[in-house]
Amino acid sequence: MRGKMVKFTIDGEETEVEQGTTILEAAQKLGIEIPTLCYHKGLTPYGACRVCLVEIIENGKTSLQASCIYKARDGLAIKTNTDRVAKTRKLMVELLLARCPDAKPVQELAEKLGVHKIRIARKNEDCLLCGLCVRMCEERMGRGAISFAHRGIRRKVEPAFDVQSDVCQTCGACYFVCPTKGIKLEEITKNRPIPIRSEFDEGLIERPSIYIPFPQAVPNYAIIDKEHCVHLQTGECKICQEFCDADAINFDQKEEVIDINVGSLILSPGFDEYDAKKKSEYGYGRYENVVTSIEFERILSASGPFQGHVLRPGDKKEAKRIAFIQCVGSRDPHAGQSYCSSVCCTYAIKEAIIAKEHAKAGLETTIFCMDIRTFGKGFESYYERAKNEYGVRFIRAGISKIDEASETKNPIVHYESEAGEIKQEEFDVVVLSVGLVPKEGTAQLAKRLRVNLNEYGFCRTSEFMPVDTIKDGIYVCGAFAGPKDIPETVTQASGAAAKAMGLLASARNTLITKKEYPPELDVLNQEPRIGVFICHCGINIGGYVDVPRVVEYTKTLSNVVYAEDNLYTCSQDTQKRIVEMIKEHKLNRVVVASCTPRTHEPLFRETIREAGLNPYLFEMANIRDQCSWIHMNEPKGAFEKAKDLVRMSVAKARLLMPLKRVEIDVVQKALVIGGGIAGMVSSLSLAEQGFEVFLVEREKELGGNLRHIYYTIEGRDVQRFLRRTIEKVKKTGLIKVFTGADIKSISGYIGNYETEISFTDGTKEEFKHGVVIVATGAQEYKPTEYLYGQDKRVITQRELEEQISNPKSQIPNPKSVVMIQCIGSRDDDHPYCSRMCCSQAVKNALKLLEVNPEANIYVLYRDVRTYGFKEDFYRNAREAGVIFIRYDDDSKPEIHSNNGKLNISVFEPILREKIELCSDLLVLSTGIEPEKDNEVLAKMLKVPLNDEGFFLEAHVKLRPVDFATEGVFVAGMAHSPKCIDEAISQAEAAVARATTIIAHDKYYAEAAVSHVNEELCVGCGICSGLCPFEAIEIVIEDTERKSKVNEALCKGCGTCVAACPSGAMEQYGFTKHQIMAMIDALEE
Amino acid sequence: MNNSKPKILVFCCNWCSYAGADLAGVSRLQIMPNFRVIRTMCSGRIEPEFVLSAFERGIDGVLITGCHPGDCHYISGNFKTLRRYYMLKLMLEQFGIDQRRLKLEWVSAGEGAKFQQVVNEFIEKIGTLGSLSL
């Protein structure tokens, strides 16, 4: 309901507003800027600061009035920009500035109005007497804990009788609105004010009680912290409602209990950080410059509390020397945390490098560690780069304590070096690399679901079933199943999904209803008839951009046959209206000017499709996120920009053409290459979901590397597991096993592959399939060093394991065994860690001691990388008497064969001298090498290998089992060295990803793909070389070379288009003409 | 566009920098209004001709933004942009256009504040260079 309207002019412009509106409000609606200081939208205007003065002419009389309190009346003439107004405002600001010279908003206002000198004596007060705090406390908080006291020059804000108030609720609203920040809560209140700390920023900064939890929260909505919301606690306030134009704030929302019927559960509650306060010797919580690694992560973040500057949380000074303390809450049996958290070494290195990058020059970083465990794919070379390129310092040490230099507040690290020296070193900041502990509440969750937890409170899984719990249908992934990094977590998540899909295969697609659309109108030969819908978005756009005038402007653009504004263009009603208008005005292109296409383009495309238009005849102008919201103080600039953006979108819309997503038939079968454990698990999982599988193994029998492994570190029988798996594969009708078979050729693309294999006897077989899983494994490095092959007493770990497990063992009872780690790992030829050899050595050492408890076993290592729960076995081995001696890469152990004895000499870093070990048996812990002919297969599949020769996934973290080439996936050691449970997780994960394609009989390619104008193409091949998806081929037609785009593979980046020297390439939806039209339209 | 202020064209890629620009908006981070954004799916789509034409049509500065190295939605499009960027800078010199009028920056979807900072700094920089006359 509208009240009576009044008509008047502002700066010569006639306007009409509802009676009761103030001049200030009316001006704001018109986009006329009037400065304010004591005005607040949610409070009664007060007219104290006089900064908002305007000239009011009524009945021929001119007066200066505060626009915030003066109500609009019929016939007024208001001037906001006369010399008199400017002069008086300047004087007012000068007076305010003299009173509070340090107040930032006053300084800013002075700057804006051109007040450069203060001609009056400065008072250096911290209160402007604007009364915002008093009004806020009284009107909104319902408290009245403070008020004005005294008169004249003695006037001030204070609690009653100037004694600390017990009425005050320490909400801090007075401080929040205070322009000088001069109000002191502790002087007002009897209570102790406690700031609300931002959880996302790790408490480094404060947050309000209504807030968006973090920048990319899904959904990206504000939530109310009901513990701290004044309204929910007392019924007062409601200020947020005043500012929410969408009227979206609902204080009555209650927790709801919703019942959902599901067939399977996946548990992924994640982890908590170890509470560093428990290690009191490190002073966390006592010393302000001792932070946790998660806090430091926020400090480094560009969106963090210090915008990515490497500052000390204490005094906000730039940090120049930073130390990282590893294993805080990890590998620490005294703290009840004996396992290794697996991720901290790599993340500390990452943080050290990023800190150095952010600080540009002069920042030193030191990492105090026991071992460096960079066992993940690519992590070892990252570690090397940290040392050699970035100069990160690594010190092997035990930390005794951290204390603080009292003046500088610099933390001092006290440590014992590897050689036993007691040292101390001062830093600006110490970062505690905290470990991973089970998420709070998971114990109750586990109890309710009756799944088992291990002794540390993580979910118990087995090495052969890494995503299964003991309950059928309940699966687990992520850190809940043990500490792990992002790639492994993502992999395991897909793996758990595959298990659930297998269980629920029969229910697939049973809850789907298909949507029907009207036939598409043919607009190809029509003149463009563009309809433009411009959104107010409540007042999100309308409050800053004069939308009706943008509509008027839009109507003047050629080919625009219809334009209107909507309160919310995305509302259900407006969708109906858009459909109606398309029909009524025979629109054949639609432009919506509103928010961002990233969220709303799909909705509008759907709408115009419902009206019979091709969904790609649509364009969006982003006048909210990228206009009204970022130019809130510049309504004129925002208005001009909105017009330009609409004009640019209309320019593109004129040239829009209908597009189609190419429909490709999918052969719903899979090829799995490699019959090792990964390949077999993938095949079984695919079959479980009902898909036919071709499993091709080069060897005569299935099993791969697993045939040489007999027991796991936990003591499980590998051979029995292998036998059962092979039996299952052979018995599963949907799996066609080809052993002794070589892949001859693979042709085709996603959904449509044709593969030819050949057998040793020369026979061949051909089949069709829709996806490929590469599970070709890897091989053990065959050593040439340490007399291997020359002396029978020198063997590999794998050979040792075979001997131990073979009852007719050749060396049944060695008295002295030396094991050397990193043979064929972490060297120039193999610049990566083979991940499992440390655990293998520990496993075999423990097994040898079982047979002969008297044996002397020495393990010569560089870093012991028994990550996760394997750490316990490392500790067991040490306790059982296995001696671990560290050697450096530049002083490798040496072998001397004297008088028939095998002597190994090595530099012992604690004794700091060379020692000689006499051994009956030397065991080489050999690494893993990629298969030699990976290259051949990679070429066939058009997928890349990394520098080391392993297959390279599409994205290390986000797409760990996909290739950039759609339809091809990777699992097992073809990807990188890994343990059995990891290979199984990954095999399941590859299946989950593969079934996203073969679960459908059709595949829809991207619409905005590249295509070639063959008339212009000269076949130079630049495009095909650039395409990361191998979507472009050069074909020879009638002796002419031409580019050909496979639309099924093209992802629509347009890189080839930009590179084409002859202009033959074009990207649908982003054609050269379309983009050039937008550039042309930049200028009116 | 306002004549007294430099005219800036910003190219954003759909997945990172355009999202970063949106985040600047969602976070209400204020930016000077005299820039316009053209969105492509990948910064790799940006043809040198787009940049040159923009200058020809009176734009004073062109800012190309894309995903951080390693974050490209299309694996490596941003590296190709980087290569073209260096080439384009050399070309600008030949046309007598100050190289500083073209800039490439990486902005992720989470870096609303960086988008604000990069654009404001660029606008200020171009402001000091004055308007481009060809």
Side-chain angles (χ1 to χ4, degrees), chain A residues 212 214-216 220 301-303 307-308 595-599 620 622 624-634 636-641 644-645 648 652 954-956 958 964 1006 1008 1026 1028-1029 1051-1060 1067 1069-1070 1072 1075-1076 1078-1080 1082-1084, chain B residues 1-2 5 7 9 12-15 18-19 21-50 53-54 56-59 70-77 80-81 84 107-117 119:
Chain A
I212 294 174
F214 48 93
Q216 283 165 319
N220 204 273
S301 170
S303 61
Q307 289 78 48
C595 47
T596 169
R598 289 176 53 256
T599 55
M620 243 175 127
N622 187 338
R624 188 189 73 179
D625 303 45
Q626 296 187 12
C627 184
S628 67
W629 275 353
I630 55 171
H631 313 310
M632 298 173 103
N633 304 320
E634 302 190 62
K636 284 211 171 103
F639 172 64
E640 289 301 321
K641 183 168 178 175
D644 287 0
L645 292 176
M648 288 161 72
K652 185 177 177 186
H955 191 286
V956 177
L958 304 179
E1006 295 283 334
L1026 281 178
F1029 307 103
K1051 301 288 296 135
C1053 61
T1055 301
C1056 55
V1057 185
C1060 179
Q1067 185 187 5
F1070 292 89
K1072 182 172 194 157
I1075 297 173
M1076 285 301 289
M1078 292 181 87
I1079 294 172
D1080 284 337
L1082 279 166
E1083 287 291 296
E1084 234 171 301
Chain B
M1 284 191 191
N2 192 328
K5 289 179 178 167
K7 300 165 204 161
L9 173 60
C12 286
C13 75
N14 185 63
W15 306 97
Y18 195 86
D22 281 345
L23 182 60
V26 173
S27 319
R28 309 297 196 275
L29 303 174
Q30 299 303 296
I31 310 179
M32 286 182 248
N34 44 318
F35 75 96
R36 308 288 177 261
V37 168
I38 291 182
R39 176 179 67 110
T40 54
M41 294 309 283
C42 177
S43 60
R45 172 68 188 92
I46 298 159
E47 297 182 30
E49 200 181 330
F50 297 164
S53 303
E56 193 190 347
R57 281 157 183 71
I59 294 299
D71 285 353
C72 179
H73 187 80
Y74 304 102
I75 321 273
S76 55
K80 283 142 200 168
T81 312
R84 280 178 206 140
V107 179
S108 81
E111 291 177 337
K114 184 170 180 192
F115 186 83
Q116 174 199 33
Q117 184 200 340
V119 173

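Proteins get letters first, then strands, A, B, ... in listed order; numbering begins at 1 in each. Keep in mind it's a predicted model, so treat the numbers as computed, not measured.
Here A/Lys641 pairs with nothing under the salt bridge (charged side-chain N to carboxylate O under 4.0 Å, His left out) rule; sequence neighbours left out. Shown here are the side-chain contact (heavy atoms from CB on, under 4.5 Å) partners of A/Thr596, two or more places apart in sequence or in another chain: A/Arg598, A/Thr599, A/Asn622, A/Asp625, B/Tyr18, B/Asp22.
Contacts with chain A were tallied for B/Met41, B/Glu47, B/Gln117; B/Glu47 has the most, counting heavy-atom pairs under 4.5 Å. For the set A/Lys652, A/Lys636, A/Met648, the entry with the most heavy-atom pairs within less than 4.5 Å of chain B is A/Met648. Between chain A and the residues B/Trp15, B/Phe115, B/Tyr74, the most heavy-atom pairs under 4.5 angstrom are made by B/Tyr74. Top candidate by heavy-atom pairs under 4.5 Å with chain B, chosen from A/Ala964, A/Gly308, A/Gly1052, is A/Gly1052. Counting heavy-atom pairs closer than 4.5 Å to chain A, the top residue among B/Ala19, B/Ala54, B/Gly58, B/Ser27 is B/Ala19. Of the listed residues (A/Ala954, A/Gly1054, A/Cys1053, A/Gly637), the greatest number of heavy-atom pairs within a distance under 4.5 Å of chain B belongs to A/Cys1053. Contact count against chain A (heavy-atom pairs under 4.5 Å) is highest for B/Ala21 among B/Ala21, B/Pro48, B/Ala113. For chain A, the option among B/Met32, B/Arg28, B/Glu49 with the highest count of heavy-atom pairs below 4.5 Å is B/Arg28.
Of the possible polar contacts, none joining the A/Gln626 side chain to the B/Gly25 backbone as a donor-acceptor pair under 3.5 Å is found. Looking at B/Arg84, its side chain does come within 3.5 Å of a backbone N or O of B/Gly44 through a donor-acceptor pair. Judged by distance alone, with hydrogens and angles left aside, the side-chain atoms of B/Ser108 form a donor-acceptor pair with the main-chain N or O of B/Gly110 at under 3.5 Å. In terms of modelled atom types and a separation under 3.5 Å, the side chain of B/Lys80 and the main chain of A/Thr1055 share no donor-acceptor contact.
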Do A/Leu1082 and B/Arg57 pass the side-chain contact (heavy atoms from CB on, under 4.5 Å) test, and can you show the C-alpha distance, the side-chain angles, and the key distance before you say yes or no?
CA-CA 8 Å; A/Leu1082 279 166; B/Arg57 281 157 183 71; over 6 Å; no
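Looking at A/Phe1029, the atoms closer than 4.5 Å to chain B (heavy atoms on both sides) all sit in the side chain, from C-beta outward. Heavy atoms of A/Leu1026 lying under 4.5 Å from chain B belong to its backbone as well as its side chain. Both the backbone and the side chain of B/Ile31 come within contact range of chain A, judged by heavy atoms closer than 4.5 Å. Using a 4.5 Å cut-off between heavy atoms, A/Gln307 makes no contact with chain B at all. Within the 4.5 angstrom heavy-atom criterion, atoms from both the backbone and the side chain of A/Ala1059 approach chain B. Contacts of B/Arg39 with chain A are made by both backbone and side-chain atoms, with heavy-atom separations under 4.5 Å. Using a 4.5 Å cut-off between heavy atoms, B/Gln30 touches chain A through backbone and side chain atoms alike.
A pairwise comparison of heavy atoms in B/Gly77 and B/Cys42 identifies CA-SG, 3.7 Å as the closest pair. Nearest heavy atoms, B/Cys12 versus B/Val37: SG-CG1, 3.8 Å.
Seen from the ring of B/Phe35, B/Lys5 does not count as a face-on cation partner, given the 6.0 Å and 45° thresholds.
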